[in-house]
Amino acid sequence: MCGIVGILGTKPVAVDLVDALRRLEYRGYDSAGVATVENGHLERRRAEGKLRNLSERLTREPLNGLAGIGHTRWATHGAPSERNAHPHMSENVSVVHNGIIENFRELKDELMRAGAVFASDTDTEVIAHLISYEMRKGADPVAATKNALARLRGAFALAIIFAGHDNLMIGAREGSPLAVGHGDGQMYLGSDAIALAPFTDQITYLDEGDWAILTREGVEIRDRQGRRVDRPKVTSQASGFLVDKGNHRHFMLKEIHEQPEVISHTLSNYMDMASGRVRFPDLGIDLAKVSRVTISACGTAYYAGLVAKYWLERYARIPVEIDVASELRYREAPLPENGLAVFVSQSGETADTLATLRYCKAAGQTIASVVNVRSSTIARESHVVLPTLAGPEIGVASTKAFTCQLAALACLALAMARARGQLSDERERELVKALLEVPRHMSTLLRDERRYDELAHWMSKSRDVLYLGRGLSYPLALEGALKLKEISYIHAEGYAAGEMKHGPIALIDENVPVVVVAPEDDLFEKTVSNMQEVAARGGRIVLVSNADPESIGCPVAAHVRMPQVHPFVSPIVYALPMQLIAYHTAVLMGTDVDQPRNLAKSVTVE
Ligand code: AGP
């Protein structure tokens with residue numbers, strides 16, 4: 001993962017590098033560093049932990065170079081310490097890297113035999129030594145980099161600077177995204193256009209295998225074979241403003257509260273409000289003839305896809321295959337003719353999802369992606385993009401992106417149902433009306449957050465928490481458990497309520513809260529039976545439901561009262577208590593809610 005940036009500037013670049021890194025912190029925040037070319041030699045500053053530690057270090061020990069690179073890290077090889085922080089250096093080369101060099105061990109052994117002395121435990125450091133090794137053999141920086149790139153296996157986006165070369169920076173892309181920014185007498189590299197937004201909106205995205213030679217006068221791009229290639233320059237829409245928390249204590253809370261508005265925006269993109277019908281973009285495929293839908297994604301986005309599977313099967317009567325992206329791509333799953341493959345991703349950069357997209361594309365599927373970042377790699381490689389209009393999501397725990405994904409996928413399900421003759425006009429209007437009521441239900445629920453206080457006190461003292469749900473509520477149980485564990489670090493598991501008796505029931509005692517997601521739908525009675533099984537073993541039920549706790553015939557320790565909503569939209573509305581239970585529990589426990597340990601917002605490694 002990690003975020004990288006590079007600047008060939010006309011004034012000292014360290015402060016701008018840190019500014020750009022601030023926009024890339026969502027990619028990792030274990031450590032950060034910058035290096036510049038100063039009076040012909042390389043100088044660097046690095047710091048463990050958040051970016052502010054690097055800023056403080058630079059205030060004490062400034063850098064004055066006009067050419068520099070920067071990095072914010074999510075550790076893969078080597079602990080998150082200063083010694084492993086990027087940039088990494090050899091005697092005359094400094095490099096920042098996003099990705100993983102798979103053959104770094106063999107390269108390291110070879111370079112050590114040739115006399116290289118390594119100062120970190122990272123895979124990245126081999127790149128600097130490898131380029132230096134080529135330069136010692138007589139190659140200039142460009143030729144040395146070309147030779148070194150040919151020997152690297154794995155995924156990388158790189159920015160490289162050289163001692164003695166104040167007007168040269170090389171970038172390379174293989175598997176990880178990299179953008180070139182064009183300024184006026186200044187040039188930039190960045191993991192994405194957002195990082196470069198304060199400096200330029202003129203962006204060229206590198207293709208796989210491309211590498212770019214930058215000077216202040218411009219850029220020359222070459223492909224994997226070393227041939228000069230033209231890549232288009234586009235105007236980026238990324239905003240230069242850093243999003244702030246407003247009056248909220250955390251980005252996560254702000255983003256939870258934005259949901260009524262951003263869900264409305266997303267829905268209005270796919271609906272004709274006047275007629276109460278879905279208005280869907282042309283997918284370039286006859287929806288009536290789609291033989292199967294394959295859905296793939298990771299984490300919370302996968303759970304959005306799982307809800308969509310239930311919707312598509314039930315309302316459009318179409319078979320749906322779904323798997324997490326890290327599995328689907330390696331299963332060698334056969335894919336059907338006339339298949340539609342749907343990828344769901346907030347960032348649009350998740351490496352596993354992207355690789356699975358490419359697998360499905362190569363197998364002839366029509367590729368649709370539900371993404372929040374329009375300029376992302378997943379969006380650019382899809383045949384059709386179904387945007388979510390959630391706006392930038394900063395908190396690592398996905399909240400508004402999830403509910404906007406659900407909103408877009410619900411519209412896809414209705415569009416398919418209509419195309420396949422499974423949806424009468426009347427039924428379509430009923431379901432569209434239900435969707436349009438979601439923002440109002442969410443606003444009402446957001447007016448009373450105090451009800452989570454007591455529950456959070458109790459949850460924060462638990463070691464384990466179970467989440468149960470059936471049907472459309474099953475993915476919500478999974479999402480509730482993921483949300484709680486990722487920000488509070490409490491062990492939580494989500495299960496299909498009917499599966500509990502096949503194993504998880506052994507965990508239940510009076511210390512284990514069991515959160516049951518149970519809207520009064522056609523499966524409610526079955527879920528009530530499962531609650532009774534929990535109660536019979538002394539388990540403490542947290543009922544999240546519009547039903548009266550008295551009606552379930554067993555003791556309920558806590559009740560999150562929900563409004564009566566149409567069963568079709570319950571997963572969107574019930575996402576809110578899942579988010580708020582996790583949020584308030586984490587706040588009480590004093591964890592870093594927006595940047596929880598070991599995680600990153602955008603996961604660009606396999
Ligand atoms: C959600 O709270 C997580 N942080 C994580 O599971 C996330 O949804 C997953 O990594 C997928 O990210 P994407 O939507 O950017 O592809």
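Each ligand, and each atom within it, is numbered from 1 in the order the structure gives. In this text, all values refer to a predicted model and were calculated from it rather than measured experimentally.
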Any atoms of ligand 1 less than 4.0 Å from a non-hydrogen atom of [X]? List them with their elements.
| X | answer |
| --- | --- |
| Q346 | 13 (P), 14 (O), 15 (O), 16 (O) |
| A301 | 8 (O), 14 (O) |
| G299 | 6 (O) |
| S347 | 13 (P), 15 (O), 16 (O) |
| E486 | 1 (C), 2 (O), 3 (C), 4 (N) |

Taking the non-hydrogen atoms of V396, is any one of them nearer than 4.0 angstrom to ligand 1? yes
Within less than 4.0 angstrom of ligand 1, does E349 place any heavy atom? no
Ring-plane angle category for Y474 and Y310, please: parallel below 30°, perpendicular beyond 60°, tilted otherwise. perpendicular
Do any N/O atoms on Q405 end up under 3.5 angstrom from N/O atoms on ligand 1? no
Considering both backbone and side-chain atoms of A600, is one of its nitrogen or oxygen atoms within less than 3.5 Å of a nitrogen or oxygen in ligand 1? no
Nearest to atom 8 (O) of ligand 1, what protein heavy atom do you find, and at what distance? T300 N, 3.2 Å
Any residue meeting salt bridge (Lys or Arg N to Asp or Glu O under 4.0 Å) with D282, in chain and number order, not counting sequence neighbours: none
